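Because the structure is predicted, anything quoted here is derived from the model rather than measured.
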Amino acid sequence: MQPNLIIRHKIYLAVVCVIFFAIGLLRLNDLTIYTPDSSRYLIFANSLAHGNGFVDNTQPEPDMFSVQAPLYPIILIPSQLIFPFSLEAAKIWTLLWGILAVILFYRLILNFGNRRVALGASIMFAFNPLTFIYSTEVLSEAPFISFLFITFLWLDRKIDDK
């Protein structure tokens, strides 16, 4: 394939990611759809960022019990180190994971088709309403999808090696 065409498809993917990020930023607000889970993730991430472990210090009696999965608060630590208890910072951090998922989806589809098919599939994946919701809420779905695509790419490489 011509180098100019490859560069053009990478530019198209970058434009898709920038538009996805811009629309995601427009969707951000200080409300959450899934209030109990999102707020608990944020509380535990802030506690972990300040070295307190999985502790909910927002109650009169600190609670060390967590129903939610522990990995997502660990993923949120970078946003909570800079902006403690910031729901918007956690949403932007999750939006960046959503952009990573779009890029990884493009790479995964590129293994099975040409660049045009991969770009079209990535556009359909990026502008799916559920992708926007999961990428702009404090939920673990966007990082999970990213890790899933990383695993698929790794497995595909291992299968090709054999």
For this session: Would you indicate whether the side-chain heavy atoms of Ile103 and Cys17 approach each other to under 4.5 Å?
Result: yes

Exercise. Under a 4.5 Å side-chain heavy-atom rule over Ile, Leu, Val, Met, Phe, Trp and Tyr, are Val18 and Ile11 clustered together?
Worked result: no

Exercise. If you take all heavy atoms of Val102 and Ala126, which pair is closest and at what distance?
Worked result: CG2-CB, 3.8 Å

Problem set entry | Polar side-chain atom of Thr94 near backbone of Ala90 as donor-acceptor pair, under 3.5 Å | yes

For this session: Start with the C-alpha gap between Phe83 and Trp93, add the side-chain angles, then the distance that decides, and say whether ring-ring contact (aromatic ring centres under 6.0 Å, His included) holds.
Result: CA-CA 11 Å; Phe83 303 105; Trp93 184 249; over 10 Å; no

For this session: Taking the side chain as every heavy atom from C-beta outward, state whether Phe105 and Leu100 have any atom pair closer than 4.5 Å.
Result: no

Problem set entry | Contact summary for Leu13 and Tyr106, nearest pair of heavy atoms | CD2-CD2, 3.5 Å

Exercise. Is it true that a side-chain atom of Gln80 and a backbone atom of Phe85 form a donor plus acceptor pair closer than 3.5 Å?
Worked result: yes

For this session: Would you check, one step at a time, whether the test side chain to side chain contact (heavy atoms under 4.5 Å, CB included) holds for Ile133 with Arg27?
Result: CA-CA 9 Å; Ile133 290 173; Arg27 191 189 174 287; 4.0 Å; yes

Exercise. Side-chain donor-acceptor pair under 3.5 Å between Ser122 and Tyr12, yes or no?
Worked result: no

Exercise. Taking it one step at a time, do Ile145 and Leu104 satisfy side chain to side chain contact (heavy atoms under 4.5 Å, CB included)?
Worked result: CA-CA 9 Å; Ile145 292 170; Leu104 291 171; over 6 Å; no

Problem set entry | Gap separating the CZ atom of Arg40 from the OH atom of Tyr72, nearest 0.5 angstrom | 15.5 Å

For this session: Show your working on side chain to side chain contact (heavy atoms under 4.5 Å, CB included) between Asn128 and Phe132 and close with a plain yes or no.
Result: CA-CA 7 Å; Asn128 183 338; Phe132 276 117; over 6 Å; no

Exercise. At their closest point, which heavy atom of Ala142 faces which heavy atom of Gly98, and how far apart are they?
Worked result: CB-N, 4.0 Å

For this session: Kindly indicate, with the supporting measurements, whether the criterion ring-ring contact (aromatic ring centres under 6.0 Å, His included) is fulfilled by Tyr134 and Phe144.
Result: CA-CA 10 Å; Tyr134 289 146; Phe144 174 76; over 10 Å; no

Problem set entry | Nearest-0.5 Å distance that lies between atom CG in Asn111 and atom CD1 in Ile159 | 11.0 Å

For this session: Could you tell me the separation between the NZ atom of Lys158 and the CG atom of Leu155, rounded to the nearest 0.5 Å?
Result: 9.5 Å

For this session: Evaluate the criterion side chain to side chain contact (heavy atoms under 4.5 Å, CB included) for residue pair Thr136 and Lys91; output intermediate values, then yes/no.
Result: CA-CA 5 Å; Thr136 56; Lys91 286 183 174 187; 5.6 Å; no

For this session: May I ask you to decide if Trp97's main-chain N or O and Ser146's side chain share a donor-acceptor pair within less than 3.5 Å?
Result: yes

Exercise. If every non-hydrogen atom of Gly53 is compared with every non-hydrogen atom of Ser47, which pair is closest and at what distance?
Worked result: O-OG, 2.5 Å

For this session: Over all heavy atoms of both residues, which pair between Leu110 and Ala118 is shortest? Give the atoms and the distance, please.
Result: N-CB, 3.8 Å

Exercise. Honestly curious: do Met124 and Ile19 fall in one hydrophobic cluster under the side-chain, below-4.5 Å linking rule?
Worked result: no

Exercise. Leu26, Val15: one ILVMFWY side-chain cluster at the under-4.5 Å cut-off?
Worked result: no

For this session: Keeping the roles fixed (side chain from Trp154, backbone from Phe149), state whether a donor-acceptor pair exists under 3.5 Å.
Result: no

Exercise. Counting distance only, does the side-chain N/O of Thr131 pair as donor-acceptor with the main-chain N or O of Phe127 below 3.5 Å?
Worked result: no

Exercise. Just by modelled atom types, is the Val55 backbone N or O under 3.5 Å from a matching donor or acceptor in the Asn52 side chain?
Worked result: no

Exercise. Side-chain heavy atoms under 4.5 angstrom apart, residues restricted to Ile, Leu, Val, Met, Phe, Trp, Tyr: same cluster for Leu42 and Ile82?
Worked result: no

For this session: Identify the heavy atoms of Ile123 and Val16 that sit nearest to each other, and give their distance.
Result: CG1-CG2, 3.6 Å

Problem set entry | Side chains of Leu96 and Phe21 in contact at under 4.5 Å (non-hydrogen atoms) | yes

For this session: Report yes or no: does Ser79 contribute a side-chain atom to a donor-acceptor pair with the main-chain N or O of Leu76 at less than 3.5 Å?
Result: yes

Exercise. CD1/Ile77 to CG/Leu81 distance, rounded to the nearest 0.5 angstrom?
Worked result: 7.0 Å

Problem set entry | Atom pair CD1/CG of Ile109 and Asn114 - distance to nearest 0.5 Å | 11.5 Å

Exercise. So if you build clusters from Ile, Leu, Val, Met, Phe, Trp, Tyr with side-chain heavy-atom gaps below 4.5 Å, do Val117 and Phe112 land together?
Worked result: yes

Seminar exercise, completed: Rounded to the nearest 0.5 angstrom, the CD1-CG distance for Ile150 and Leu108 is 11.5 Å

